[in-house]
Each structure stands twice: as structure tokens, then as C-alpha cells.
Amino acid sequence: MRLQNGKPDVLRTHTCGDVRAADAGREVTLCGWVHTRRDHGDLTFIDLRDRYGITQVVATAKERAEAHAALKDVRAEWVIRVRGTVRARPEGTRNPKLPTGDVELVATSVEVLNPSKTPPFYVNEETPVDETLRWKYRYVDLRRERSRELMRLRHEVVDFIRRYFIDREFWEIETTNLIRGDPTGARDFVVPSRHYPGKFWALPQSPQQLKQILMYGGIDKYFQMARAYRDEDPRSDRVTEHTQLDVEMAFVEREDVMALIEDLYTRIIERFSTKPLMRKPWPRLTFAEAMRRFGSDKPDLRFGMELVDLGGAFPKTAFAVVRDALAKGGTVRAIVVPGKADASRKEIDGWTEVAKGRGAKGLLSFAMAGSEVRSPVAKFLSAEELSAIRSASGARDGDLVLAVADVERVAADAVGRLRQHLGETLGLVDGSKHSAVLIHEFPLVEHTPDGGWTFSHNPFSGPLTPDELRWLDSEPERARSSQYDFALDGRETAGGSIRIYQRSMQERVFKQMGITKEEAAQRFGAILDALDYGAPPTGGFAGGIERICMTLAGTENIRELQAFPKTQTGYDLLLDAPAAITQAELDELGLRVVGKPEQR
RNA sequence: GGUCCCGUGGUGCAGCGGCCUAGCAUACGUCCCUGUCAAGGACGAGAUCGCCGGUUCGAAUCCGGUCGGGACCGCCA
């Protein structure tokens, strides 16, 4: 019996998932949705569904004319309340597919709580449905088994995480969602202020500053399921509004946090995934090694096909593409695609587009055909060079070598993307295991397109060691950061760093970014001030809740993990939002809408 | 801001210049049926092919635009 505070609900005594053979003879009342109806004339069945399961309800005209008539009238998705007697099903009519399949409810009375229009799509079948309809009628969609199980997964993962941290004496603390905006990085979602016309709140892109300040307040260990907002265009694995597990700890070093990430996510995966981890303990790669071997800072280790460097195969080449790349300090990065020497022109064109999508100017291909090395650019290369390509790449007969000549960063990135693409499309990825890897020793700063410098992670990430800062004066890109990232199956799943906690160091880093003292005081005043009042060393991480659930559920669609997802243009099809507000509201906020008249 | 894919009865798909008077499955409606569980059987209703314009003797089909959804690039400290 399903009990709540020791008593049945007022409207029902059981749920549709918990009537069993032991209940035979008992009088029960169930509430739920009509899942399916099977009408045999004077004998009618319906399957009654709620979140907990499905129970078959039966009535015959002969025994219970009134209940039978009512059952004949109901339709899919009507909400009904049925009273009746649990009966063991006759021999040979049991349904092993249902947990409740040994029994049925013989209806004595049927009450229609609410009829339903014919639903816009099937609840009782797992057929694909256009997302426009799913999100518009999310309340119908959520009744479907897949949607319900994804919501259940997310709930259970969040519950697991909460217990994990509470057991370890972390405090769950909510930070405010109306904060000061900062024009760097992603576009802020902005909220007008009534008391301060012309001024605006911003929704947090993460509670980064607030969680550090909690540490400065002596909270010591904190976590939160934090909403994070970015007004940027979504992709299949990122959305404008998402939830992150946000964690911060005082008096920790890099190793403490990396060990925590590894322990937590290992437990999550072992609890919720049917697939084992490839390796325990997890492999760790420095950023430099990850880029060199995989061309990615979130490499998928479920397949090999590591990058090779062919820069040495062309010591004095006449081939302009390679010569120019090498002349500006670049290189030639390549992968060996096993057995694809016979790839069609069309396939190679497709791969070229993948590489170009990551900034490559083109894609070089070399097919190992017997003793020959065939290539569209063979005529620009000497026999020695072609042979060097074969030996330097380690390619065997029948293999295809794909290469990009460019500066290191572009070449590695393009070939890395191509590697992942080929791994997935050629079926090289071993989908029976999970690849968990920690990436660390990221660069502290990186070039901006306009020649300046910017944070490679966030403004508060500290250097790997204080000593790293010496590079800032000469070769800033050599300065390493304390940042660490967790990549699961090639997807960035969590990341964090040890924070700067000394004002002088924070100001030194700001200076590198071209942020003046005045500007820093204005934008990051609270943090900088706090550093003057006894700020301990802190570190932490943030992990995407939807991201980890995606991997656990094996879906590529992040919206399925959200109860009320938005479209690719950030529109809410269910609520029809965003929407215009009244002139009175605008006046009160001191706002005037300019530009295009209202669209609707 | 850009590139690509999709848009056909309620839903999922097919059709891709004339064989379309738009096909199939399912849902929906009426009827038959006492052991089904994706029940079965019979009959029936339901779409001017997202929208606008163009090409053509003729457009669901080709072209342009537009709207909506999706994938990707830009963007995402």
C-alpha cells in the first residue's frame, strides 16, 4: 500500500504501480490517466497510468453494467478515479510485462475527474515527436515514459549529489540571482530596476564571486544547485539557462579538488550508468599533452587515432601550403585513418568542411596505396617527402593520412575536431565504456583576436604556482593556471580552479588583461576589498547538471533534461515568452522601447 | 549575423513537375465482439502539402522570400 504520513491519500488508496497479488480481494481506489482502452463489447479493459505504473482495470456489462458503461466511454488521457476490487487474473491472462500484471482491478465505480481532448501526440507510444509540439504541450510530453524517466534520473542524480556533499559537511547555500552585471564574457541577461531607473540587475552566469565571498566569510565548504544564465545562442549541449553543481572550499589545494571531482563523478557514474569507466584512477593529461595528442582540451579516450606531427617530413619543401605554415612557426598535424585509403572524393570533401569549420584553410589527404602515396597535392611534393609522410605518420598500406598545415593552435584544433568526427561517424568509439579524464595545467591567459590578453578560464583563477607569474612579462602564454577540467566521453562536464586570494596577485593579473586599477575597483570591488580582510585560499569547481545527465542517459539533446526547455532562439513555446509588458510597467521602470514596433 | 536540414489529415512517415481525385500506419467517429494487454473486425470522417510570391500549359514537387523547429559556425570570461 502506498502510504503518505502513514495514511492513504484522500482520493486514492494506492497508486497504479503498487497493486500486487497479495492485495487480491482488497477494495482499492486508484486515480490516473487512461493509457489505453481495449473494448471487447460486453467486456472492457483499460490501462490506468500514473507516475508509479500501470494497472489494468476491467468491467463487464453482466456483472457491473454501470462501471462497464463508464469504462466504454472514457478515452485516452482522461483523468479518472476508479474504485474496485483487486483480483488475481485468471490463469493464462497474466501480463509479465507489467509489475502489476498478475492482478487487475474489477471496477465497481468509475468517476471522470476530467475528460481530455484527443492529445496532440501519443503518450502511450515512444514514437518521435517534433520538438515544437513537445515543448508547447510539455505537460502531455512529461507523461511519456522517456520524459518521465529523464526527469527521474535528474532528480536522483541531484539527490545523490546533495547527500554526497551534506555527508561531507558541505553547506548548501543559495546565492542571489540578481547581481551586478559584467560586460566581459557572455552576454548577460538583464533585469530593470524599479527603485533605480536606468540601472539594471544581471542574472548570474555563475555564482563565481559569491561563492568565493562565502569562503571569505568562513563557510569553509559550500555547494549549491545554481541556476546560471547566458544570453548566447544555444547548441545541442548548451542552453541559455542551465543548472550547475557549484562547489567551493577553503584551505584547499588543486589536488584536493581534483580528488573530490574524481571521487564524486566516479560514484555518480557507477551508480547511474550501466557502462563502466575505462580506467580507475582516471588518467590525467596536461592541457599541452591533450592538445598535442588529441587536438582537444576535452579528449574522448574511447578510441585511439592520436594526432601525429608531420612538420619534420618537409624540411625544405617547395609546397607553398606547408612552407608558409612552417615559416610562421606553424606545423603540420595529422591523423591516420585506418583502412580509408579508398575514401571517396565526397567523403574527403565532407571532412575538409569539418576541418574548415575549425579554422583550417584546407585539408591535405594522402592515401597509402601499395608502395604509392596518392594525393591531390602529390605533384607539389617530392618522392622523399611523400615517403616521409608515410614513415612519420606510421600509416600502413590502405590507410589514409589527413593533415592540416597551420599554426599549432589551429592545426591541432582542426585535426582534433576531425578526429572526434571520424571516431563517431566511422564507429571507432567504444560505446561500451566511459572515458573520464582530468585535464590540467591550462594556460593562464590567452590572446584575444585584437592582440590583447584575456583570461583563459575566469579572472580569479590562480596560477599553478606563484612562480608562473614571471612569464607574464615575457611570454604570457607560457604561464600555467591552476585550472582543471573534467571531460567525460569528450564532453566538458566540470571545471574549476584554485582562486587568487592575494590582492597584489589579483591586480597583477588584471593588469595583464589591460584592466586599470580604477576599472578593476569598479567591476570587482567587492572581491578586491574582501581580499584585504582576511581571505583564505579557496578553490572549487562547477559541473553541469544537464551535461552529466545527458551522458548518463545517452542523449545528445540537453533540452530533454530540462522540465521546461526553450527553443534555439530562446523562446518558451509553453508560456509564449518573452512577452511585451504594459506601458505602465515600462513607465514605472523608466524604460522606453525603441526600434521595431512590437512583433505581435 | 551566417551555413545547412526539416515543415504533407491529430501524430509519424511516403510521394519530389502531369500517373495525386495526395498514399501508408496510427489516432479519431460509428457499429460488431466476454480475456485483452500496441486487442481484433467492418464502415466512415479528416489535409487546398507552414505562409507569400514567381517559373510553367500544369507545382506538394522547381526558384525567391518569409515564418517556425532543429544541427552547425560566429558567440559561449
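Chain naming here is simple, since letters A, B, ... match the order of the sequence lines and numbering starts at 1 in each. Quick note: numbers below take in every heavy atom, side chains included, and nothing from hydrogens, waters or symmetry partners.
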Would you indicate, yes or no, if [N] has its OP1 or OP2 atom less than 4.0 angstrom from a side-chain nitrogen or oxygen of [X]?
X: Thr36(A); N: rC37(B); answer: no
X: Arg38(A); N: rA39(B); answer: yes
X: Lys136(A); N: rG69(B); answer: no
X: Arg230(A); N: rA77(B); answer: yes

Any donor-acceptor pair under 3.5 Å between the side chain of [X] and the base of [N]?
X: Arg75(A); N: rG10(B); answer: no
X: Arg89(A); N: rC37(B); answer: yes
X: Asp233(A); N: rG74(B); answer: yes

What's the gap between [N] and [M] when it is taken at their [atom1] atoms, as a whole Å value?
N: rA60(B); M: rC52(B); atom1: P; value: 13 Å
N: rU21(B); M: rA42(B); atom1: P; value: 28 Å
N: rG41(B); M: rC73(B); atom1: P; value: 49 Å
N: rC75(B); M: rG2(B); atom1: C1'; value: 12 Å

Is the Phe486(A)-Phe541(A) ring centre distance short of 6.0 angstrom?
no

Please pick, from [options], the nucleotide with the shortest atom-to-atom distance to any side-chain atom of [X].
X: Arg417(A); options: rU34(B), rC72(B), rC75(B); value: rC72(B)
X: Leu133(A); options: rG1(B), rU11(B), rA77(B); value: rU11(B)
X: Arg358(A); options: rU34(B), rG74(B), rG69(B); value: rG74(B)
X: Arg559(A); options: rU34(B), rU11(B), rG70(B); value: rG70(B)
X: Glu131(A); options: rC75(B), rG69(B), rU36(B); value: rG69(B)

Looking at every strand, decide which applies to [X] at a 4.0 Å heavy-atom threshold: base, sugar-phosphate, or nothing.
X: Glu104(A); answer: base
X: Pro459(A); answer: base
X: Gln56(A); answer: base
X: Thr44(A); answer: nothing
X: Arg235(A); answer: base
X: Lys62(A); answer: base
X: Asp39(A); answer: base
X: Arg523(A); answer: nothing
X: Asn95(A); answer: base
X: Arg87(A); answer: base
X: Val129(A); answer: sugar-phosphate
X: Tyr122(A); answer: base
X: Ser236(A); answer: sugar-phosphate
X: Arg134(A); answer: nothing

Looking at [Y] and [X], is there a salt bridge between them, counting it only when a charged N and a carboxylate O are closer than 4.0 Å?
X: Arg238(A); Y: Glu232(A); result: no
X: Glu492(A); Y: Arg547(A); result: no
X: Asp406(A); Y: Lys361(A); result: yes
X: Arg235(A); Y: Glu556(A); result: no

Protein-nucleotide distance (Phe510(A), atom CZ; rA77(B), atom P), rounded to Å
16 Å

CD of Gln568(A) versus P of rC76(B): gap in Å, rounded?
17 Å

Look at atom CD of Glu446(A) and say whether more than 12 heavy atoms of other residues, nucleotides or ligands are closer to it than 6.0 Å.
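For Glu446(A), atom CD is crowded (more than 12 foreign heavy atoms under 6.0 Å).
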
Just name whichever nucleotide pairs with [N], Watson-Crick or G-U, keeping both distances under 3.5 Å, else none.
N: rC20(B); result: none
N: rG7(B); result: rC67(B)
N: rU56(B); result: none

May I ask you to check whether Gln224(A) and Thr175(A) show a side-chain donor-acceptor distance below 3.5 Å?
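Present: a donor and an acceptor within the cut-off.
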
What distance separates Ser109(A) OG from Arg64(A) CZ, expressed to the nearest 0.5 Å?
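It is 8.5 Å, given to the nearest 0.5 Å.
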
